[in-house]
Amino acid sequence: MSNRWSLVIPVKTLVAAKTRLAAATGPHRTRLAVAVACDTVSAALACPLVARVIVVTADPAAAGPLSVLGADVVPDPDQGLNTALRTGAAHAVRVAPGDPVGALQADLPALRPAELATALTAAAEFDQAFVPDALDVGTTFYGVRAGLPFTPRFGGESRSRHLAGGAKELCVEGIESVRRDVDTPDDLRAAMALGLGGHTAAVVADLWPSG
């Protein structure tokens, strides 16, 4: 059994991505969504506890750049977020059956490899575990030990659903960047305060030149 993870990152069709940011981002919305996903994937690949990143997407505009970064891209069957995650997890198990499998949201533009490693180290202590988002409503990470059923319950108030499903909530210190997903302009500003990845920072510099 390995202590290095396969991480599945779902990237939805960019036409539908980040709709709550639309008013603030205007024509940059698609570019921002790609940039955020690129920073998330780059940070995950830079984490020493991550063996591989599997991106599940149906959008060529995302698949190309993320593949260049080093992600293994598989097609999204377009049957919802959790189906996409299970599709990616099945691919991960075929590639590396002895590795734990995790799902990571694609909208973590401030993600730091060391903080992700802290979360993955904590997750490895449990059969299944998750990291709640910054609002303690949703979920940014869900993972299982190798060989165990992968049953993600993302979407909406997923924290309560993961708890009800028996997953251990990881309440460890120092993983703020793992919890800071971005759905609104306020979320983006909070991520800016943590420090954005380079792809997202470049788009934000165009969006808000005054910074």
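Note that the numbering runs from 1 along the sequence shown for the chain. Bear in mind that the values here come from a model prediction, so they are computed numbers and not experimental data. Reckoned from all heavy atoms, side chains included, excluding hydrogens, waters and symmetry mates.
- Contact check for V8 versus V56: side-chain heavy atoms found under the 4.5 Å cut-off.
- Between the side chains of D187 and T184, at least one donor-acceptor pair of N or O atoms lies under 3.5 Å.
- Connection of L194 to V204 is not established within any shared hydrophobic cluster, with ILVMFWY side chains joined at heavy-atom distances below 4.5 Å, either directly or through further cluster members.
- R29 is not listed as a side-chain neighbour of L32, based on a closest heavy-atom distance of 4.5 Å or more.
- Side-chain contact between W208 and M192: present, with at least one pair of heavy atoms (C-beta onward) separated by less than 4.5 Å.
- In plain terms, the two heavy atoms of I175 and A119 that are nearest each other are CG2-N, 4.1 Å.
- The side-chain heavy atoms of V203 and R31, taken from C-beta on, include a pair separated by under 4.5 Å.
- We find the CG-CD1 distance between L104 and I9 to be 5.0 Å, quoted to the nearest 0.5 Å.
- Judged by distance alone, with hydrogens and angles left aside, the side-chain atoms of E115 form a donor-acceptor pair with the main-chain N or O of S177 at under 3.5 Å.
- Put simply, L85 and L120 are part of two different groups of oily side chains (I, L, V, M, F, W, Y) that touch within less than 4.5 Å, one to the next.
- For the atom pair CZ (R112) and CG (D39), the distance works out to 11.0 Å, reported to the nearest 0.5 Å.
- Taking hydrophobic clusters as Ile, Leu, Val, Met, Phe, Trp and Tyr residues chained together by side-chain heavy-atom distances below 4.5 Å, V144 does not share a cluster with V131.
- Separation of atoms OG (S6) and NE2 (H91) is listed at 8.5 Å; rounding is to 0.5 Å.
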Can L7 and I54 be said to form a side chain to side chain contact (heavy atoms under 4.5 Å, CB included), step by step?
CA-CA 6 Å; L7 285 189; I54 295 148; over 6 Å; no
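- W5 does not carry R52 over the face of its six-membered ring by the limits of under 6.0 Å from the centre and within 45° of the normal.
- The environment of E169 atom CD is dense: over 12 non-hydrogen atoms of other residues, nucleotides or ligands sit within 6.0 angstrom.
- At distances below 3.5 Å, not a single donor-acceptor pair connects side-chain atoms of T200 with backbone N or O atoms of P109.
- Annotation for V55 and A71: closest pair CG2-CB, 3.7 Å, computed over non-hydrogen atoms.
- Scanning all heavy atoms of the two residues, the minimum distance from G138 to R159 falls at O-CB, 3.7 Å.
- Minimum heavy-atom separation, G102 to F141: CA-CE1, 3.9 Å.
- A salt bridge between D127 and R145 is present, with a side-chain N of the basic residue lying under 4.0 Å from a carboxylate O of the acidic one.
- Put simply, OH on Y142 and CD on Q128 are 4.0 Å apart, with the number rounded to the nearest 0.5 Å.
- The two residues A129 and F126 come nearest to each other via the heavy atoms CB-CB, 4.3 Å.
- Among all heavy-atom pairs drawn from V74 and G88, the shortest one is CG2-CA, 4.4 Å.
- Judged by distance alone, with hydrogens and angles left aside, the side-chain atoms of T57 form a donor-acceptor pair with the main-chain N or O of V11 at under 3.5 Å.
- Put simply, CZ on R4 and CG on D99 are 8.0 Å apart, with the number rounded to the nearest 0.5 Å.
- Both L111 and L69 are assigned to one and the same hydrophobic cluster, defined by single-linkage of ILVMFWY side chains at heavy-atom distances under 4.5 Å.
- Using a cutoff of 4.0 Å between basic side-chain nitrogens and carboxylate oxygens, R180 and D133 are not scored as salt-bridged.
- Annotation: side chain of D76 is not in contact with side chain of T87 (no heavy-atom distance under 4.5 Å).
- Summarising the geometry, atom CG belonging to L108 is positioned 12.0 Å from atom CG belonging to L196; distances are rounded to the nearest 0.5 Å.
- No donor-acceptor pair closer than 3.5 Å links the side chain of D181 to the backbone N or O of T140.
- Formation of a donor-acceptor pair under 3.5 Å by the R153 side chain with backbone atoms of H162 is not found in this model.
- V95 and V50 are members of different hydrophobic clusters when ILVMFWY side chains are connected at heavy-atom separations under 4.5 Å.
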